[in-house]
Amino acid sequence: VGYDGKKLLEHVSFELKKGERVALLGDNGAGKTTLFKLLCGELPAMEGRVKWGANVKVGLMPQNLVFEHPERTLLDTLLWERPGLTAQMARDRLASYDFLGEEVFKLVADLSGGERARLKHCLLSFEPINLFLLDEPTNHLDIPSREWVESVLEEYEGTLLFISHDRYFISRMASRILTVEQGTVHDFRGDFEAYQQAREVIASILLFDISDPELSMVTITGCEVSFDRSVCNVYYSTDKQRYDKVGEAFTRASGRIRSLMARRLSWRVAPELRFMLDRSVDTAERIAGALARESQRPPVIVKEEEEGE
């Protein structure tokens with residue numbers, strides 16, 4: 001999926017089950033909102049497809065709540081959106097979302113962020129929604145409004161997929177984590193606490209390895225190790241001994257990771273941890289092997305181009 005023929009996300013594949021509560025995490029601009037637009041049908045898939053189960057009804061709570069007629073009162077908004085309602089039925093429904101007495105005559109334009117969220121929830125409550133997509137549901141809300149949103153979502157029995165940077169909210173709501181990184185989506189089958197623990201363990205391994213002076217050109221990307229091959233080629237052409245040391249350093253790195261894997265087999269998130277560590281080991285070993293093979297080739301003499309060429 002992407003814009004104007006340019007892919008923002010690719011190789012995305014995951015399945016949501018009934019009743020799951022899934023957090024979608026990632027840096028700003030990584031593609032989280034783009035993925036939401038794909039799921040809501042606002043963006044077409046450039047490749048592949050989104051397949052919904054039978055009777056799935058999707059509801060969206062966008063980050064920026066915009067109402068078509070902000071000049072209307074709350075009561076008029078409900079009566080306009082739901083033509084079959086009587087005034088008393090509309091007032092009763094608004095009261096269940098804490099809009100009491102004369103508050104039903106407030107203009108939508110005058111509502112606070114928390115009140116807008118409550119009104120949106122009220123309007124969505126008329127739909128048989130069983131998959132709720134929420135984009136930063138606690139953003140810009142005061143504490144009472146945040147607590148109200150959290151209590152409503154805790155009672156919700158359907159499936160939740162939400163974007164959030166609120167660690168407390170994620171920890172309270174999520175039983176599974178999807179992360180948008182490196183142009184795709186990674187799936188972690190565990191809650192936020194387990195996810196943080198796994199990331200910290202892997203980061204500590206890789207940071208420990210990165211302290212090796214022979215790995216100075218190595219970068220950390222997500223949970224994998226990568227390296228700048230062009231830099232290594234220059235090292236090889238000018239300093240074969242240093243090039244060989246890089247390969248040895250990667251071999252040591254994969255050994256350390258394997259050792260930690262053996263010690264963590266009884267950990268409660270071991271399957272997820274092993275999966276991510278397997279990728280790190282595989283990457284490190286492939287790099288070490290490639291460097292070893294390259295070192296058998298005759299050195300390439302790199303000459304600086306003369307000015308003007």
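Along the sequence shown, residues carry numbers from 1. Values in this document were obtained by computation on a predicted structure and should not be read as measured data.
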Passes side-chain contact (heavy atoms from CB on, under 4.5 Å), R82 versus M89? Steps please.
CA-CA 10 Å; R82 298 294 165 183; M89 292 168 64; over 6 Å; no
Heavy atoms of K57 and E127 approach each other most closely as CE-OE1, 3.5 Å
To the nearest 0.5 Å, atom NE2 of H121 lies from atom OG of S96 at 12.5 Å
Checklist entry - Are F188 and R176 side-chain neighbours, meaning at least one heavy-atom pair lies under 4.5 Å? => result no
For S164 and L25 the tightest heavy-atom approach is O-CD2, 3.6 Å
**Prompt:** So, does D166 use its side chain to make a donor-acceptor pair with the main chain of Y168 at under 3.5 Å?
**Reply:** yes
Inset, instruction - May I ask you to check if R167 and F192 form a cation-pi contact, with NZ or CZ under 6.0 angstrom from the six-membered ring centre and within 45° of the axis? - result: no
Notebook entry, point to check: Is it true that L16 and L160 fall in one hydrophobic cluster, defined by side-chain heavy atoms closer than 4.5 Å?
Noted result: no
(Q) Quick check: is L39 connected to F132 through a chain of hydrophobic side chains (ILVMFWY, heavy atoms under 4.5 Å apart)? (A) no
Would you call V50 and W52 a side-chain contact if the rule is heavy atoms closer than 4.5 Å? yes
Check: Going hydrophobic residue to hydrophobic residue with side-chain gaps under 4.5 angstrom, can you get from L60 over to M173?
Finding: no
*Classify the side-chain pair Y195/T179 by whether it contains a donor and acceptor separated by less than 3.5 Å.*
no
Rounding to 0.5 Å, atoms CE (M61) and CG (L133) come to a distance of 11.0 Å
Note: L131 and Y156 closest approach over all heavy atoms is N-OH, 3.3 Å
Smallest heavy-atom separation, I163 atom then P137 atom, equals O-CD, 3.4 Å
Are side-chain heavy atoms of L161 and F36 found at a separation under 4.5 Å? yes
Might you work through the side-chain contact (heavy atoms from CB on, under 4.5 Å) test for T34 and V180, ending with a clear yes or no? CA-CA 11 Å; T34 300; V180 181; over 6 Å; no
Any side-chain heavy atom of T73 within less than 4.5 Å of one from V108? no
Find out whether L107 and P70 are in side-chain contact, i.e. whether some heavy atom of one side chain is under 4.5 Å from a heavy atom of the other. no
Short N-O contact, D27 and K32, less than 4.0 angstrom = no
Tightest non-hydrogen contact, residues S145 and G114, listed as OG-CA, 3.3 Å
So CG of N139 and CD of Q63: to nearest 0.5 Å the spacing works out to 5.0 Å
Under 4.0 Å between a Lys/Arg side-chain N and an Asp/Glu carboxylate O for K7 and E10? yes
| query | Does a salt bridge link E15 with K17, judged by any charged N lying under 4.0 Å from a carboxylate O? | reply | yes
Q. For E68, does the CD atom sit with more than 12 other heavy atoms under 6.0 Å from it, leaving out its own atoms?
A. no
message = Taking R146's backbone N and O only, do any of them form a donor-acceptor pair with T138's side chain (distance below 3.5 Å, no angle check)?
response = no
State whether the side chain of S151 and the backbone N or O of W148 hold a donor-acceptor pair below 3.5 Å, judged by distance alone.
-> yes
In this structure, CG of L141 is separated from CD of E136 (nearest 0.5 Å) by 10.5 Å
- Side-chain donor-acceptor contact under 3.5 Å, N130 with T159: no
Partner of L119 under side chain to side chain contact (heavy atoms under 4.5 Å, CB included), picked from L124, L65, L78, is L78
Quiz prompt | Side-chain heavy-atom pair L75, K106 within 4.5 angstrom cut-off | solution = no
Practice problem: In sequence, state the C-alpha distance, the side-chain angles, and the governing distance for E81 and F126, and then conclude on side-chain contact (heavy atoms from CB on, under 4.5 Å). | Solution: CA-CA 10 Å; E81 294 282 345; F126 290 95; over 6 Å; no
Taken to the nearest 0.5 Å, the spacing of L8 CG from L35 CG works out to 9.5 Å
When every non-hydrogen atom of I129 is compared with those of V58, the smallest separation belongs to CG2-C, 4.3 Å
Side chains of F162 and V22: does their closest heavy-atom pair fall under 4.5 Å?
no
If we ignore hydrogens and angles and just use 3.5 Å, is the side chain of E115 paired with the main-chain N or O of S112 as donor and acceptor?
yes
| message | Any carboxylate oxygen within less than 4.0 angstrom of a Lys/Arg side-chain nitrogen, looking at R21 and E157? | response | no
Notebook entry, point to check: With side chains defined as the heavy atoms from C-beta onward, is the minimum distance between L134 and F169 less than 4.5 Å?
Noted result: no
Do the side chain of R118 and the main chain of Y97 share a donor and acceptor less than 3.5 angstrom apart? yes
**Prompt:** Within 45° of the six-membered ring axis of F99 and under 6.0 Å from that ring's centre, is NZ or CZ of R93 located there?
**Reply:** no
When rounded to the nearest 0.5 Å, the distance separating CG of L74 from CG of L94 is 5.5 Å
| Are there more than 12 heavy atoms of other residues, nucleotides or ligands under 6.0 Å from atom NE2 of H69? | yes
